[in-house]
Amino acid sequence: MQQRLFAADSRSTREPYVILMPPPNVTDRLHMGHGLNNTLQDIYIRWQRMCGKEVCWLPGTDHAGIATQMMVEKSLQQEGITRQELGRDEFVKRCWQWKDKHGDIIVSQLQRLGASADWERQAFTMSPQLSQAVRSTFVDLYHKGLIYRGERLVNWDFALHTAISDDEVVNIEETGKLWSFAYPLDDGSGELVVATTRPETMFGDTAVAVHPDDKRYQAYIGKQVKLPLTTRTLTVIADPYVKQDFGSGCVKITPAHDFNDFDIGKRHNLPLRNIFDAQGLLNEQAPVPLQGLTRDEARTRTVQLMQDAGLLRDTVKHRLTRPYSDRSKVLIEPRLSQQWFLKMQPLVNEAVRIAQDGELCFYPPSWKKTYLHWLENIEDWCISRQLWWGHRIPVWRCADCQQYTVAKDDPTQCTHCHSQAIAQDEDVLDTWFSSWLWPFSTLGWPAVQDNSALQKFYPSQVLITGADIIFLWVARMVIAGLETIGSPPFKDVYFNSIICDHQGRKFSKTLGNGIDPLAVIEAHGADAVRYTCISLAPLGGRARLGLKDFEHGGRFINKLWNAARFLLAQPALPTKLPALSATELSVPEMWLLSEFKQTVAKIDKHLRSYRVDSMAETLYHFIWGTYCDWGVEIAKNILRQQSLPPEQILATMTYVMDGLLRLAHPMMPFISEEIWQRLPSHPDWDRPRSLVVAAFPETKQLTSFSAEELQDWHFTRRVITAIRTLRSRSALPPRNKLNVSIVVGAAAAGLRADEEWLRDLAQLDGIAWLAADAPKPVPALVQVGAGFEVYTAASHIDMPSEREKLRKEQAQLETRLQKIAGKLNNTAFCSKAPPHILQEQRDKQRLLQEQLHSVRLNLQALGED
RNA sequence: GGGCGCGUAGCUCAGCUGGUUAGAGCACCAGCCUUACAAGCUGGGGGUCUCAGGUUCGACUCCUGAUGCGCCCACCA
């Protein structure tokens, strides 16, 4: 029913506010990281909707090529079949089924969380519309000469049998071994020693390199060495890449299996010798006994064979970083293959500029450097994948003329020779090649018939996502937006926390330390999950979350619910409330309203600076510490005393409750709406049919009162707190009223005017007002405050501990006074510190001196021992 | 090797542009089922703000160095 309120109207005249949901992968259900990410987006969307913007939160899912294909293959495995047995068409069909199932689960999870996205605009990276965008982009970039096919060394994943991009490789530091092998000179005049961490790659060696300036090896340059265990020989070449001080200063060069060696090979025209078959097993380049072995088996055997041949010179432990596939977690093999690449260099200039000029802002700002560093060192992007699930590359190769036909619509013939013998490239595109178009492909681009959505909702205001995909997704979206639409896709990038378990470990399936958002929603409610997530998740940091933490949120929701119940259960609560009238307000009400206004100002500030954790804290303190702890107590007092008409205070309480529900709504949409619907409408607030579209409080419309007007009340509150402490120390049950004596100095008039409040909020029976110079009531418990003393008689007073307490206070006051005196006696401080700081210290000194004096007199009255 | 960030109460963290008695939640202790709330109320204990210098009248806050930890990027076979 509320969903209609979430729909974005592209023809609206309101100012747009747009957020694009980072599309969750359709691989699996959502985890708590998604819970946080989507809560944050929803907070901003709901806030801005309440501020009167035409908001559009565009939801959707990502086909996640590699990840989904892995999941589907895994499920096939359980049925005992491989995707090859199933065939491509059938396999892709299975992937669609998987997508439908998990896409639905994801949407229902997001809705349970309260996500107020425009569900009618749901997008999917492989929908017909987005496929059109992908093709269009590919074809355009191809015709601009930016997409090319080439045989290059790429990161090869032997588990998935596909190339992956540099950004999908994760390097892990490990301890391995460094072996030194002797390669005998062909003319029998000696040997060269080379070091390697990967012995098995020696069969792909096509040279040995030394540094051109290395005196030790001048004579060897151009000579031949024998490649052990084979019949081949290698030339000794000179290249400045070689470090003279590492190992022997000789390097074996394996151009087909190492990125650096590949470059050297190019410089020296070395042959590329691939030693692996498609499965990652050693091929015929290796000696017969090693053929068909895996990399690991071959390594052990190679070392053994070299040792047997008397050519193993050394084995040492060695720290090295190895590349792993981020998805499949297997060791990456650099492998020569035909792939499609996108030239990135010509595309990045503008993306760099807008970050430097502040047209694109990162929160936290430190990410700007990381972003720029990546762009400034950009490499070509390998965009083809040897997978089945994804966007098929829109390129057809002609069997007759061997030329490529690159087209947006499926061609029937070769554009070069018109032959019909054309076949589409078997590969698919990297998933990110569709994700990077998300800011405009989801809005209908490149369809021309109706681009009102694109015009209205591009660009978006803020992208809220995890910093882990800053290169994979964020930077690339900026590039695509600038290249395709001509303007950046968003203004702000807000990096949310990474959710970890209580020990600071990332959630992972293998550890089983994840928290299922739905289970927690069942236990504590969606609002509690939302509140807990954001209050514990600082901007861009790492948030440690345990199951127990959600109790905090649960308690808060419960507290709010009870506060509302108090109000709603009042028999005197009128259905028609009077408007606020400054002249009829009691001082505590004036204070409550002022506190509310301050809260509104703080929340506005925190939202604008993306400090949602601070916003949550601010609201928590207002609701719990101000509205409940004081507001409700004040209301009870008035209702009990009948000192004022009940409608008046109930109207104020309703007004503030209505306002705080508005503040709370973006964060806690369920409970706030639930209460708000039951609340009588207040004439000073608008009353639409749902809180979803109610106005967000603005400070300029709110009433507040000056510090002078509230000064006495602040003093009274301090006295009340002191009396409560006294009561607690007297161990008297709260229902027993207390008799106190009060000594007041300068603030006497104000306090005595508030006597009724004092009496009620501190649960007093009788008050005796004492003059400052009157004898101290003995024996009695005492609390000495700034500008006042309160006493109460108690049945039995533990004199030593009472003295102890006073002495402790005395010591504390003395220390503080010493510090202040230190400052005030410092001539430099007095001459250089700003006047108001100086005055502050003097005032403080006077108050503390008075307080110390009182404490001392009380100590004397108790009799020093 | 380069970049970024973090070391504050037993635990998880706030503390923004230097001046507060350094705060919150959880945990702990004491007393309370006070008619909104025991998922609660009223109090309480607990911190040489990682260390060492410096700037300043004044540093948790700014600068330098040390040290421990985390993340990212690059990489010597």
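So that the names make sense, note that chain A is the first sequence line, chain B the second, and so on, each numbered from 1. Values below: all heavy atoms of this structure, side chains included; hydrogens, waters and symmetry mates excluded.
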Examine [N]: is either OP1 or OP2 under 4.0 Å from a nitrogen or oxygen in the side chain of [X]? Give yes or no.
X: H318(A); N: A77(B); answer: yes
X: K252(A); N: A77(B); answer: no
X: R611(A); N: G15(B); answer: yes
X: R555(A); N: G40(B); answer: yes
X: K559(A); N: G40(B); answer: no
X: K605(A); N: C16(B); answer: no
X: W624(A); N: A36(B); answer: no

Let's see if you can work this out: which of [options] has an atom nearest to the side-chain heavy atoms of [X]?
X: A828(A); options: C57(B), G70(B), G5(B); result: C57(B)
X: N558(A); options: C73(B), G45(B), A39(B); result: A39(B)
X: C628(A); options: U21(B), A77(B), A36(B); result: A36(B)
X: E617(A); options: A24(B), A77(B), G19(B); result: A24(B)
X: P834(A); options: G19(B), G44(B), A27(B); result: G19(B)
X: R544(A); options: U20(B), G5(B), C13(B); result: C13(B)
X: F829(A); options: C57(B), U21(B), A36(B); result: C57(B)
X: H373(A); options: C26(B), A77(B), C73(B); result: C73(B)
X: P538(A); options: A14(B), G44(B), C4(B); result: A14(B)

Pick the C1' atom in G53(B) and in A59(B), then give their distance to the nearest Å.
-> 13 Å
Considering only atom P, compute the distance from C51(B) to A9(B) and round it to an integer number of Å.
-> 11 Å
Just wondering, do E809(A) and V855(A) contact through their side chains at under 4.5 Å, heavy atoms?
-> yes
Would you classify [X] as touching base, sugar-phosphate or nothing, given that sugar-phosphate means primed atoms plus P, OP1 and OP2, and contacts are heavy atoms under 4.0 Å?
X: A569(A); value: nothing
X: G554(A); value: base
X: R565(A); value: sugar-phosphate
X: K243(A); value: base
X: K636(A); value: base
X: F556(A); value: nothing
X: S248(A); value: nothing

Once you apply the 3.5 Å cut-off to both distances, tell me the Watson-Crick or G-U wobble partner of [N], or none.
N: C71(B); result: G3(B)
N: C33(B); result: none
N: C26(B); result: G10(B)
N: C49(B); result: none
N: U17(B); result: none

Check: G546(A) main-chain N/O paired with D549(A) side-chain donor or acceptor under 3.5 Å | yes
Taking the six-membered ring for Trp, is the centroid-to-centroid distance between Y363(A) and F495(A) below 6.0 Å?
-> no
How about Y371(A) and W367(A): are their ring centres within less than 6.0 Å of each other?
-> no
Should Y217(A) and H211(A) be marked as a ring pair (Phe, Tyr, Trp, His ring centres under 6.0 Å) after you check the CA-CA gap, both sets of side-chain angles, and the distance that decides it?
-> CA-CA 8 Å; Y217(A) 300 114; H211(A) 194 278; over 10 Å; no
Can you check ring pair (Phe, Tyr, Trp, His ring centres under 6.0 Å) on Y620(A) and H552(A), steps first, answer last?
-> CA-CA 11 Å; Y620(A) 179 90; H552(A) 181 216; 5.3 Å; yes
